[in-house]
Amino acid sequence: MPVISYREALRAAMREELKRDENVVIMGEEVAQFNGAYKVTEGLLKEFGPKRIVDTPISEAGFIGLGIGASMLGIRPVMELMFWSFSYVAFDQIVNNAGNIRYMSGGLIHCPIVIRGPANGGTNVGATHSHTPEAILASHPGIKVVCPATPYDAKGLLKAAIRDNDPVYVMENTILYNDKGEVPDEDYIVPIGVADIKREGSDLTIVAHGRAVITSLKAAEILEKEHGVSVEVVDLRSIRPLDEETILASVRKTHRALLVEENKPFCGVDAQVAYLIQARAFDDLDAPIGRVSSIDAPQIYCKRMEDLQLPHPARVVEAALKVLA
Amino acid sequence: MDSKPTTVAKSVAFTHPESLKRPAGPSEFAQHPVNVALTKEEKIALYTKMVRIRHFEQRCIRTYQQGKIGGFLHLYVGQEAVAAGTISLLGKNDHVITGYRDHGHGLMVGMSMNECMAELTGKITGCSQGKGGSMHYFAPDKNYWGGHGIVGGQAPLGTGLAYALKYRGLKGCCLTYMGDGAVNQGAVHEAYNLAALWDLPVIFVIENNGYSMGTSQERSSAHPGCLAKRAEGYGIAWDVINGHDVYEVRAKTSEAVKRAHEKSKPTVLEIFTYRYFGHSMADPDKTYRDKEEIKTYRETKDPVFLFEKELLLAKVLTKDLVESINQAAMEEADAAAAFADESPDPTVADITKHIYWEEDNRGPQTTSRGTIIFE
Ligand SMILES: Cc1ncc(C[n+]2csc(CCOP(=O)(O)OP(=O)(O)O)c2C)c(N)n1
Ligand SMILES: [Mg+2]
């Protein structure tokens with residue numbers, strides 16, 4: 001199987017869908033002539049031309065709203081946000097319009113729009129550019145949110161998102177863009193709402209999404225080598241819909257759960273996951289659920305401190321040992 | 001309606017090189033009263049400030065290349081006359097707010113190179129204690145309200161600062177800077193309308209450097225020549241300015257300051273300028289503009305050299321003085337880099353400081369209970 005980067009996997013997903021469906025349009029700041037701020041859309045303008053690959057002004061509320069409107073009339077826009085942090089100037093469009101129109105029209109209208117781009121801290125760019133809005137957005141019924149952690153999932157989830165008939169918000173991670181992995185050349189999708197066991201184990205379940213999955217896998221490695229603990233890592237992949245059964249099955253097997261995410265703790269994704277586990281697997285638990293998230297503050301600029309603000313393997317190991325104690 | 005530009009809006013073309021040809025010799029704005037009023041020392045000081053901005057930025061490149069600055073670093077080299085000219089007009093009740101290309105404005109309001117450099121390397125001695133970084137400088141004690149990373153986000157804030165000035169009966173204004181790409185953010189238009197509707201002493205300064213990242217100005221705004229002129233739709237006075245001539249920047253901005261101070265009315269100024277380096281240090285700057293274009297600007301329109309030439313001609317500066325000013329600025333920038341090197345990082349405990357006023361100032365004014373920072 002070809003080994004490609006997360007960035008290339010996203011690009012492959014877009015290329016294949018652009019070819020498959022003539023109504024797919026890629027739009028965003030610097031996506032065409034500049035080949036993408038993070039080069040995810042590199043080469044697409046050359047291959048598909050300016051009708052399909054469209055540069056926009058710095059008008060997120062305008063062009064995202066335009067994409068939502070176009071999606072109501074049969075276009076399948078894939079909108080790039082240079083950072084999900086910039087979605088905040090388009091919040092009304094993203095939440096009120098895309099998220100509510102189907103419901104408010106009694107099912108008459110739907111919005112098959114994809115919005116994608118990086119949503120992560122850890123790049124030393126300060127608080128305004130480091131937001132991770134998956135929990136905020138997933139709290140709105142009507143919206144789907146996915147967070148791929150690997151190249152395979154990046155391609156499969158983005159393709160599923162483009163074919164989905166509801167708004168799907170794809171949150172990527174600039175730190176993962178160069179990560180490599182096996183990705184099939186052929187057409188496949190990763191269904192939205194299906195979690196994935198990224199590592200099997202028997203003593204502890206770690207539930208994570210996005211880059212926290214990679215961090216947790218590193219921690220699991222250390223836990224096995226240095227502490228003889230067998231850790232299972234469940235990658236949510238999709239925040240909403242949430243694969244509750246995979247989480248529960250794993251916890252029922254290991255009897256211990258540690259939740260790891262790069263969000264700030266308050267109302268994070270893991271607040272929902274923790275509720276789920278205690279509600280439906282309370283009797284299976286041998287210890288209170290543990291949790292690692294970012295230190296609760298706006299993202300600090302100083303790189304050395306930001307690395308400590310985010311979950312990192314040592315913090316995950318420490319928290320895991322507490323749950324195992 | 002006060003909406004004629006002070007110069008004829010001869011539909012200024014955006015191909016900068018042709019439209020901004022400046023006759024050799026002294027600036028036609030040298031004789032404007034605000035420039036005539038400058039003493040020799042003040043002229044030298046203005047030149048010195050522009051030189052300091054340039055050398056600071058050039059030192060930043062080195063520090064970045066040494067791996068000591070990360071993230072985004074947006075340089076102001078080439079645009080010095082904009083911050084220098086406009087901010088040199090301000091008095092004690094005048095305020096400044098800008099976007100993420102904020103180093104030049106910071107140095108102009110009087111921030112030290114030390115605190116600016118230490119911020120870039122994320123040190124506790126930085127202006128924002130290593131919490132903001134390059135895009136988020138702040139110095140409220142110097143009427144400088146940032147340093148804003150989200151394009152256009154500062155426009156309503158600047159309008160609000162102007163509102164506060166008016167509300168409190170202070171005769172002042174707020175210079176609110178943005179780029180040529182930022183004018184297409186909705187928030188900017190909402191701010192324009194509020195400023196006009198409520199007669200607020202805000203001056204919107206569009207620093208038109210021809211590009212927003214890799215997008216030339218022509219590719220981002222409909223209707224050529226319209227950036228400042230959009231003000232007309234709101235009944236706001238506007239003007240266009242050659243930003244390579246610091247005297248012209250001062251002359252025309254002074255009219256806007258007067259309008260703000262005396263009539264409490266907004267202005268939109270579009271200042272033509274140019275950035276020599278990529279959008280940020282992360283931009284290889286290889287695809288969207290011609291090397292020749294950059295060269296032309298550097299050689300024929302450099303705001304620092306043009307002003308230097310002007311002052312040499314006027315015998316305000318001498319070659320020796322030019323040299324010593326440049327030398328001193330370089331040494332100051334080197335010293336700032338050393339200061340940043342030697343300064344400590346913030347600590348993990350610092351991460352959760354400065355989130356809430358109340359947390360940092362527990363006392364009789366405390367009005368809330370409960371958990372506010374979460375594990
Ligand atoms: C709302 C928002 N969208 C996108 C960005 C990313 N971005 C940062 S600067 C920039 C270009 C801005 O260009 P311009 O306004 O001309 O200012 P200049 O960089 O030339 O000073 C873009 C797209 C952002 N910071 N905020
Ligand atoms: Mg610009």
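Chain letters run A, B, ... following the sequence lines, proteins first and then strands; every chain starts at 1.
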Distance only, no hydrogens: is a donor on one side chain within 3.5 Å (strictly under) of an acceptor on the other, for A:S59 and B:Q185?
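There is no such pair between these side chains.
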
Between B:H148 and A:T128, is any side-chain donor less than 3.5 angstrom from a side-chain acceptor?
no

Do you know the tightest heavy-atom contact between [X] and [Y]?
X      : Y      : value
A:C302 : B:P346 : SG-CD, 3.7 Å
A:I300 : B:G130 : CG1-O, 3.9 Å
A:H129 : B:F72  : CD2-CE1, 3.9 Å
A:D55  : B:R219 : OD2-NH1, 3.0 Å
A:V125 : B:H136 : O-CE1, 3.8 Å
B:I355 : A:P298 : CG1-CD, 3.9 Å

Looking at [options], which has the largest count of heavy-atom pairs under 4.5 Å with chain A?
options                        : result
B:I69, B:T287, B:L120          : B:L120
B:I124, B:D350, B:V348         : B:V348
B:D345, B:T352, B:V183, B:V188 : B:D345
B:I373, B:D283, B:N184         : B:N184

In terms of heavy-atom proximity below 4.5 Å to chain A, should [X] be classed as side chain, backbone, both, or neither?
X      : result
B:S134 : backbone
B:Q129 : neither
B:V151 : side chain
B:M213 : both
B:F374 : both

Gap separating the [atom1] atom of [X] from the [atom2] atom of [Y], nearest 0.5 angstrom:
X      : Y      : atom1 : atom2 : value
B:S220 : A:I58  : OG    : CD1   : 7.0 Å
A:E30  : B:S212 : CD    : OG    : 6.0 Å
B:T347 : A:R304 : OG1   : CZ    : 13.0 Å

NZ of B:K291: more than 12 outside heavy atoms within 6.0 angstrom?
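Above 12, so yes.
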
Within a radius of less than 6.0 Å around NZ of A:K322, do more than 12 heavy atoms belonging to other residues, nucleotides or ligands occur?
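No, not enclosed.
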
Return the option, out of A:Q309, A:Q33, A:K303, with the maximum number of heavy-atom pairs under 4.5 Å with chain B.
A:Q33

Considering only heavy atoms and a distance below 4.5 Å, find which of A:Y88, A:F34, A:F83, A:F86 pairs most often with chain B.
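Top count of heavy-atom pairs under 4.5 Å with chain B: A:F34.
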
Side chain, backbone, both or neither: which part of A:Q299 has a non-hydrogen atom closer than 4.5 Å to chain B?
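Backbone only.
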
For A:F63, is it the side chain, the backbone, both, or neither that has a heavy atom closer than 4.5 Å to a heavy atom of chain B?
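For A:F63, there is no contact with chain B at all, as no heavy atom is under 4.5 Å.
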
Between the main-chain N or O of B:T121 and the side-chain N or O of A:Y301, is there a donor-acceptor pair closer than 3.5 Å?
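Not at all, since once roles are kept as given, no pair shorter than 3.5 Å links the two residues.
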
Report yes if the side chains of A:D296 and B:I351 come closer than 4.5 Å at any heavy-atom pair, otherwise no.
no

